[in-house]
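Take a look at the structure set out below.
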Amino acid sequence: MPHDDGINKEHTHSGEAPYRTPAGETRRFRLTTSFLRGEDGGEKIGIVALFSDVTEIARLNQQRRESSIVFAVLMICVCLYLFFWSLLRYLGIEPPGWVLSKLIEAISIIMLVIILKTTSFSIRDIGLRVTDARATFVPDLLITAGGVAALVLGKVVLLRVAPGFFPEGAPFWDWSVGTFADVIYPLTVILQEFLARGVMQENLRRIFTGKHAGALSIIVSALVFGVLHIAYGLPFMLGATLLLGVLGVFYHRQGNIWGLCIIHYVLGEAATFLRYII
């Protein structure tokens with residue numbers, strides 16, 4: 001004969017509720033209750049309550065939902081940009097480079113707003129706080145100095161082996177190519193690093209799992225931003241991808257964007273006035 005444990009399994013009730021511990025941690029519990037009946041199955045003699053800690057399950061479910069949202073938003077934004085760029089080429093329109101750069105920033109800001117509204121991601125998750133100034137700025141300043149030296153040396157070599165690579169008659173360091181964009185470039189750099197690291201790389205790190213999640217978030221975010229510079233040509237795309245990959249490694253280690261802004265700004269301006277870009 002089947003075993004009767006006296007629990008009314010046909011009339012159980014369950015629900016979930018959050019609980020905030022004295023330490024400030026939020027846990028999530030599932031409570032399942034059922035009437036306990038006597039041996040004759042009629043009289044209710046008590047209530048059985050079962051508590052289950054489902055915090056980890058709830059976290060994984062939320063992460064899965066938010067990851068799908070972030071991935072969809074990222075792919076839609078990238079595809080819309082590529083379709084827009086293709087449309088301009090089809091119509092024979094060649095907008096200035098700064099227009100496309102601002103378009104990339106606008107798309108990134110839209111992506112940030114959507115993510116903030118639809119997920120648990122917040123501004124606090126973005127690396128804006130410097131906890132160790134020495135560990136942040138010393139290596140970044142060394143990288144910056146080495147990068148500028150490499151650009152200068154590269155131009156010296158190119159002037160010898162491929163003199164047509166640079167405009168004929170232009171000075172080695174050409175201040176004349178400076179525009180108003182160079183005046184606001186520090187703000188542009190901060191915005192770009194904020195979006196590239198805090199928005200894209202951080203959210204991609206949430207999507208990927210396993211021990212290689214950090215590396216995958218760096219690689220994918222660098223490739224995506226490289227693709228978004230398709231209008232500048234293959235060499236610029238490769239350079240942007242490489243730079244963003246290196247900066248992504250430093251962000252992963254340092255946890256903030258400020259040292260990266262120094263590298264980005266100085267190398268960007270050096271490439272401009274050495275005529276690598278213009």
Side-chain angles (χ1 to χ4, degrees), residues 16 18 21 23-30 52-79 108 111-112 114-116 118-144 146-147 192-229 237-264:
E16 294 184 9
T21 67
E25 180 185 7
T26 300
R27 309 291 297 179
R28 193 166 189 86
F29 291 92
R30 177 181 292 133
S52 301
D53 188 345
V54 295
T55 305
E56 186 63 18
I57 296 175
R59 185 189 68 80
L60 291 174
N61 288 335
Q62 181 181 17
Q63 184 182 36
R64 188 180 298 111
R65 290 192 301 268
E66 293 186 352
S67 295
S68 63
I69 293 173
V70 171
F71 184 77
V73 171
L74 174 61
M75 290 299 99
I76 290 172
C77 289
V78 172
C79 291
S108 300
M111 185 171 68
L112 171 62
I114 294 174
I115 290 172
L116 290 175
T118 57
T119 72
S120 60
F121 186 80
S122 68
I123 296 296
R124 292 190 302 272
D125 297 317
I126 299 173
L128 298 177
R129 180 184 298 179
V130 178
T131 56
D132 188 338
R134 181 181 180 85
T136 294
F137 294 110
V138 171
D140 292 344
L141 289 173
L142 292 175
I143 290 291
T144 302
Q192 289 179 350
E193 286 302 320
F194 174 82
L195 296 172
R197 306 295 148 229
V199 177
M200 184 172 293
Q201 187 172 328
E202 278 292 336
N203 277 285
L204 285 172
R205 187 178 59 82
R206 291 182 167 208
I207 292 176
F208 300 123
T209 58
K211 64 179 181 179
H212 301 300
L216 286 173
S217 66
I218 293 170
I219 293 171
V220 174
S221 61
L223 288 173
V224 169
F225 267 84
V227 168
L228 289 177
H229 291 85
M237 286 175 60
L238 294 174
T241 301
L242 178 61
L243 176 60
L244 287 164
V246 172
L247 295 182
V249 172
F250 276 85
Y251 176 78
H252 183 71
R253 294 179 178 178
Q254 298 172 352
N256 68 84
I257 66 172
W258 301 113
L260 311 184
C261 290
I262 295 175
I263 299 175
H264 190 155

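Between T26 and T55 the shortest heavy-atom distance is O-CG2, 4.1 Å. The minimum heavy-atom distance between R65 and S68, with the atom names listed, is O-OG, 2.6 Å. Here the closest heavy-atom approach between residue A222 and residue G245 is recorded as CB-N, 3.7 Å. Here the closest heavy-atom approach between residue A58 and residue R28 is recorded as CB-CD, 3.7 Å. E66 and S120 get closest at one heavy-atom pair: OE2-N, 2.7 Å. The heavy-atom pair separating G214 from S217 by the smallest distance is O-OG, 2.7 Å.
Looking only at distances, a side-chain donor or acceptor of S221 sits under 3.5 Å from a matching main-chain atom of I218. Side chain of E193 to backbone of H264: no donor-acceptor contact under 3.5 angstrom is found.
Residue R30 places its CZ atom among 12 or fewer non-hydrogen atoms of other residues, nucleotides or ligands, all under 6.0 Å distant.
For the pair R253 and P139, the minimum side-chain heavy-atom distance is 4.5 Å or more. Here the side chains of L74 and L204 are in contact, with some heavy-atom distance below 4.5 Å. Inter-residue side-chain proximity for D140 and I262 is flagged as unmet; no heavy-atom pair is nearer than 4.5 Å. L238 is not listed as a side-chain neighbour of L242, based on a closest heavy-atom distance of 4.5 Å or more.
To the nearest 0.5 Å, the span separating CZ on F225 from CG on L244 amounts to 7.0 Å. Rounding to the nearest 0.5 Å places NE2 of H252 at 9.5 Å from CD of E202. The OH atom of Y251 sits 8.0 Å away from atom CG of N256, with the distance rounded to the nearest 0.5 Å. Atom CZ of R27 sits about 8.5 Å away from atom OG1 of T21, to the nearest 0.5 Å. Expressed to the nearest 0.5 Å, how far CD of Q201 lies from CG of L216 amounts to 11.5 Å. Between the CD1 atom of I263 and the CZ atom of F137 there is a distance of 10.5 Å, given to the nearest 0.5 Å.
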